[in-house]
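For reference, the structure discussed in these notes is given below.
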Amino acid sequence: MADVIVELEKVNKYFGQNHVIKDFDLRIIEGEFLTLLGPSGCGKTTILRMIAGLEDATSGTIKIQDERVEDKEAYERDVNTVFQSYALFPHMTTYENIAYGLNVKKIPKQEIKERVREMLEMVQLMGYEGRKPDMMSGGQKQRVAIARALINKPKVLLLDEPLGALDLKLRKQMQIELKRLQKKLNITFVYVTHDQEEALTMSDRIAVMQEGVVEQLGTPDEIYKYPGTKFVAGFIGESNIFEGEIISAKNGILKVAGSSGEKMTLLGSGFDEGEPIQVCVRPEAAVYSKEPKDGFSLKGTVRNIIFVGSQYRTLILLENGQEVKINRGRKDRDIKEGDVVYIYWEDEDGFGIRKKGQETQK
Amino acid sequence: MAAKIKKRRKRLKIGGTLFAFLVYAFIYTPIAVMVVFSFNDQRINYYWKGFTFKWYEKLFTDSDLLSYLWLSLFIAVLATVISVIIGTIGALGLMRFEFMLKKVVNTSLYIPVVIPEVVMGLSLLMLYESVNMPLGVTAILLAHVTFCIPFVVIIMRGRLAGMDKSVEEASMDLGANRLTTFFKITLPMLIPGIMSSAFMSFTLSIDDVIISNFVSGPTSTTLPVKILSMVKVGLTPDINALATIMVMVLLLGIILNSVFQALMKKRASINIKTYF
Amino acid sequence: MNEKNGITVKDKKSWFRRNGPVLSTTGPISVWMLVFVLIPMLYIIFISFMTRDVYGGIVYDFTLDNYKEIIQPLYLKVIWKSLKLAFITTVICLLLGYPLAYYIAGKPSKTAAKLIMLVMIPYWTNSLVRLYSVNLLGATNGPINNILMDIGLISEPLDMLYSDGIVVIGLLTAMLPFSVLPLYASIEKLDKSLLEASRDLGARPHITFLKVTIPLTMPGIVGCVLLVFIPSLGMYYVPEALGGGKVMLIGSLVRNQFLVTKNWPFGASLAILLVLMTLAMVWIYTRVSKMDDLEVF
C-alpha cells in the first residue's frame, strides 16, 4: 500500500448554520492525481481550502504526512494552491510573482534566480520575466500561477478549478500539460473541478462529491463503468436509468422487471431476488433493432434521430413515457422516425444500483 | 484540536473590535460633550452642575442664533438647487459632447475639490473686490454654488458612467425628441444621483466656514461664520443646544430614509411576488 | 442676394441644430467655472507678482519681492510648523483610519454601510462646535484635568490648550471621518484571494501586509493623505479655536494678509505656495492611481 500523504478524518464544516462538509473521510496517496469532482456548492473547494489552511475545519482531523495540521496556519503548511482566478499579485512582475514564496522564506538571491529560471523554463515562459499579469493572456497567467506554487516544492499541490477561465482549446492543451507536469515532478495533485470530462482525462482517482460527502471514490474507469449511485451515474457521463425489481439472480446474471413489466438482463452479484434496483445503461452501450432480443422487452417508438457531430443520437419513447437516449456511430437505413423498436444491450454493459445503501454492485 | 488557532482568531477579532470602538469613541467624544453641555446648568462649561432646558429656551426666545441659521439654510437650499441643476446638466454635456474648452472646464472643476479652501475663499474675495461687488448674501451664495458644482459633477459622472445609454437611444428610436427623452427617460434614471449630490451640496454649504468667512459682509453672515467669530471669546451653551438639535434632525432624516427604503424594497418584493 | 440669404439662414439653423445641445448643456457650467474658478486663480497668480502700496492697495508693478518675503525666517518657521503639524495629523489619521477601514471592510456589506455611516455622521455636525468641545475638554479646569486630578494622577492641571498637541487633536477631529472613506474604498476593492495566495505561499501576516496589502491599497492611502494633508495646511479656524492664536499656521497667515493686514500681493504669493504644494500631492496621487488602473485589470 502506497503512503498516505493527506488524511481527512470525520471533518465537518459549518458556515453559520450551513452544514457544508459532513463527516468527511478521505485519504490522498502520495504522488497521485486526485480529483474532487462535483457540482458547484458540493463543498469540494472547501475541502481544498481546509487542506491548504485557508479555512478552519469546525471539527475533525486533517493530517499531512502523518502530522496533524489543524493548528498550523496556511503559511506553515507545506502545500501550495493554484487559485481559481490565479490570484497573481498585480503589482509584481512574472519574476516577482514566481519568486514570492522563496523571497518570504529568505532564500539567497542567487538560488532564487536559478530556481525561477528553472520554473520559467518548465512552464515555457522564458522571456516573460518582466511582464505584469495584466499584460498576459489567461493561459500565460495560468502558467505563472502554477510556477509560483510549484517553486516552493510543495508536498501537495492544490488546484482549484484552474482551467475554468480558459477557452476550450486552451483548456484541452493545459490538461495534457498539467498531467505531464505532475508525472514528471511526481508531486501529489489535488484537483477540484466540476467538469467531468476534465476529471476523467487527468485523474488517477476521482472523488465524486455531493452535498458535503463523497458519493464515490475510484479510478476514472471504475467511476465511469460502475457508478455507485444514481447521482454518480447521472453526473459522470450520460445514463439511461430504469426503475425495476429483481426477479432472478443466478450465476451473477440478474433478470429484472421494469415498472411496467419490461424485461432486462444485466451482470451483477450481491443482489437478492425481489430487491428493487435501478438499471443503468450508457447511451453508447445500448442498441436497438426491429427484432426483440432474448431477455429484453423494452419496446418504444423512435421519436427523433439527430446528428450530433461524431455520432447519431436516437431518442426513443417507451410505452410508459420514459425517454431513452441511444448513440450510434452510423445511421440505420431501415429505421426511421416513428418506427417501433426494441432496446437491449450486452449483459455486461448494464449495471445495477441499489435503491438504498451506497455500495457498488461489483 | 484546532484550539490554538481558534483562540488566536478570537483574540484578533476582539482586538479589532476594541480598536474600532476606541476610534469611534474618539470621533464621538466631542459630540457627546456638546450634547451633554447643552443640558448643563452653567454658562461656562467645565463641569456638570445640573440638568436644564434653559439653553433650549434661550435659543428659541432670546437669541439671534436662529436668524443666522435661517440665512444659512436659505443659502444652502438655493446653492443646492442651483448647483444640482448646473452640475447635472453640465455632467451630461461633458460626458456626451466634445468641445474646444472641455479640457479647461474639466481642469477648473478639479480645482475647488483639491486646493485648500483658504485659496478658494481669497480668490473669490479678490474677484468680488475687483468688480466692486458688495460682500454679503449674494456673494456667499455664488461662492457656495462654485464649490458645490464640482462635487455634483463628480457624483453624476459616476452615475452616468453606470447608465445604459441604449435606453435613451431606444426612446429616441421610438420617436421622442432629445428634450422629451431627457425629461421622460434620462432624468428619472438620474434621480438617485441627484438626491445624493443634493445631500452632498447641502451639507457642504451648511457647514462651510472658511470660504464664507472671506466673502460674508459685516451684516449678513452664515451660522458657522458667526460661531467662528464667537469661538475666540467662548461659545454660549445655546450654540450647543442648536448644534444638538441639528444632529438630531440629521439622525432622524437618516433613520427615516432607511425606513423608507426598507419599505420601498418590501413593496417592490411584494410586487414581484404578485407577478410570479 | 436672396440666394445668399437663404444659405445664411440655412447655415444658422444647422449650426444651431449642431451646437444647441452642446451649448445648452455645457454652456452654463463652463461659464460658471471660468468666471468663478479659473479667472480668479489666474488673477491670484497675477497679483502675487504685483506691489502693494502703503494704503493696502495694489500697484501694477512687476516684482518678485512677495516670493522673496516668504523666505524670511519668521514665515519659514510658520510654513515649517504647518507642514509638521499637517504631517503628524496625516500620519495619525492613517494609523487610526487604516485599521478602522480594514475592520469595516471585513464586515458584511450591510454592517459595513452602517459603520461607514457612523463615521460620517460627525462630519455633518458643525465642525466649530465640535472643536469647541475639544477646547472645553482640554481646558485647565476642564473635565479631563478634573478627572485626572481627582484620581490623583496629576497634582497640577495640565496645560493642554494653546499647544501643538491640541491643534493636532482638533485637526484630527475635523479630518478623521473624511480620511476613512478613501481607505475603505480601496481596501474593500482589494481582492481577498491575493491575501490568501500570499498566506498560502508562506508569508506571515505582517509580510502579507507589507508586500501585498499596502502596495495594492496605495491609491487609498495617497487619497487619504491628499484629503487630510492639504486641508490641514489651510484650516486656520482650528488653531484659532484651539491654539488661541498662539499657534500660527500657514492658513491663518494667508487669511491675515487678506482680512487683517491687507497685504494682498504677499497673501497671493503664499496662496500660490499652498497651491504648488497641493499640485505636488495631486501629481503623486495621479501617478499612484494610474499605476493602479493599469495593474488591476
Side-chain angles (χ1 to χ4, degrees), chain B residues 16 19-20 23-24 26-31 33-34 37 45-47 86-87 89-90 92-94 97 99 101 104-105 108-109 111-112 114-119 122-127 130 142 145-146 149 178 203 207 209-210 214 224 227-228 231-232 235 239-240 243 246-247 250-251 254, chain C residues 21-22 25-26 28-30 32-34 36-41 43-44 47 96 99-100 103 117-119 121-122 124-130 132-134 136-137 139 141-143 146 173 176-177 226 230-231 233-237 240-241 251 254-255 258-259 264 267 271 274-275 278 282:
Chain B
F19 181 87
V23 178
Y24 278 113
F26 176 78
I27 296 176
Y28 275 90
T29 306
I31 295 180
V33 169
M34 170 190 96
F37 281 168
N45 272 303
Y46 291 123
Y47 55 91
I86 293 180
I89 295 173
L92 268 168
L94 286 170
F97 303 117
F99 60 101
L101 287 174
V104 179
V105 174
S108 47
L109 277 169
I111 292 175
V114 293
I115 62 165
E117 285 173 278
V118 169
V119 181
L122 68 90
S123 75
L124 285 164
L125 173 67
M126 283 164 73
L127 175 75
S130 66
L142 292 176
V145 173
T146 307
I149 286 178
R178 268 180 202 277
T203 48
D207 198 36
V209 185
I210 295 180
F214 273 93
I227 297 177
L228 177 65
V231 147
K232 287 167 209 161
L235 295 185
I239 294 176
N240 283 342
M246 285 167 75
V247 177
L250 177 81
L251 276 180
I254 290 169
Chain C
V22 189
T25 53
T26 62
I29 197 169
S30 304
W32 197 289
M33 284 295 126
L34 294 184
F36 289 99
V37 177
L38 205 64
I39 292 173
M41 290 311 285
Y43 190 52
I44 299 181
I47 292 289
L96 295 179
L100 182 67
Y103 174 82
M117 183 61 100
L118 210 57
V119 173
I121 286 173
W124 292 313
T125 60
N126 191 293
S127 38
L128 283 162
V129 179
R130 273 188 290 145
Y132 191 68
S133 297
V134 174
L136 290 177
L137 275 174
N141 47 355
N146 282 340
T173 323
L176 191 55
L226 199 67
I230 304 285
L233 287 174
M235 278 197 138
Y236 57 80
Y237 62 82
E240 263 165 36
V254 173
R255 191 201 66 141
F258 281 85
L259 299 182
W264 285 24
L274 264 178
V275 172
T278 311
V282 173

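These numbers come from the heavy atoms of this one structure, side chains and all, not from hydrogens, waters or symmetry mates. What you are looking at is a predicted structure, and each value in this text was computed from that prediction instead of being measured. Residue numbers start from 1 in every chain, and the chains themselves are labelled A, B, ... in the order their sequence lines are given, proteins ahead of strands.
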Compare every heavy atom of [Y] with every heavy atom of [X], then report the nearest pair and how far apart it is.
X: B:P116; Y: C:G234; value: CB-CA, 4.4 Å
X: B:V23; Y: C:L100; value: CG1-CD2, 3.8 Å
X: B:S108; Y: C:V37; value: O-CG1, 3.5 Å
X: C:L118; Y: B:Y24; value: CB-CE2, 3.8 Å
X: C:Y236; Y: B:L228; value: CE1-CD2, 4.4 Å
X: B:S130; Y: C:Y43; value: CB-OH, 3.9 Å

C:Y132 (side chain) donor-acceptor with B:N240 (main chain) under 3.5 angstrom: no

Contact winner vs chain B - C:L259, C:V254, C:V282, heavy-atom pairs under 4.5 Å: C:L259

Counting heavy-atom pairs under 4.5 Å to chain B, which of C:L233, C:I121, C:I39 comes out on top? C:I121

Largest heavy-atom contact set with chain C, pairs under 4.5 Å, which of [options]:
options: B:V33, B:T29, B:L94; value: B:V33
options: B:V118, B:V105, B:D207, B:V209; value: B:D207
options: B:L251, B:V247, B:I115; value: B:I115
options: B:L122, B:I227, B:I27, B:I31; value: B:L122
options: B:I149, B:L92, B:L125; value: B:I149

Side chain, backbone, both or neither: which part of [X] has a heavy atom under 4.5 Å from chain B?
X: C:F36; result: both
X: C:L176; result: side chain
X: C:I47; result: side chain
X: C:I44; result: both
X: C:T278; result: side chain

Is there side-chain contact between [X] and [Y], with at least one heavy-atom pair below 4.5 Å?
X: C:L38; Y: B:I111; answer: yes
X: C:L136; Y: B:M34; answer: no
X: B:F214; Y: C:F258; answer: yes

With a 4.5 angstrom heavy-atom cut-off, is it the side chain or the backbone of [X] that approaches chain C, or both, or neither?
X: B:L101; value: side chain
X: B:V145; value: both
X: B:A243; value: side chain
X: B:M246; value: neither
X: B:L109; value: both

Show the numbers, then the answer: is there a side-chain contact (heavy atoms from CB on, under 4.5 Å) between B:V104 and C:L34? CA-CA 8 Å; B:V104 179; C:L34 294 184; 3.9 Å; yes

C:M41 and B:V119: side-chain contact (heavy atoms from CB on, under 4.5 Å), yes or no, with the steps? CA-CA 9 Å; C:M41 290 311 285; B:V119 181; 4.1 Å; yes

Residue set satisfying side chain to side chain contact (heavy atoms under 4.5 Å, CB included) with C:P231, at least two apart, ordered chain then number -> C:M175

At what distance, to the nearest 0.5 angstrom, does CZ of B:F19 lie from CG of C:L96? 5.0 Å

Just jot down the side-chain hydrogen bond (donor to acceptor under 3.5 Å, both in side chains) partners of B:T146, sequence neighbours excluded, or say none. C:W32

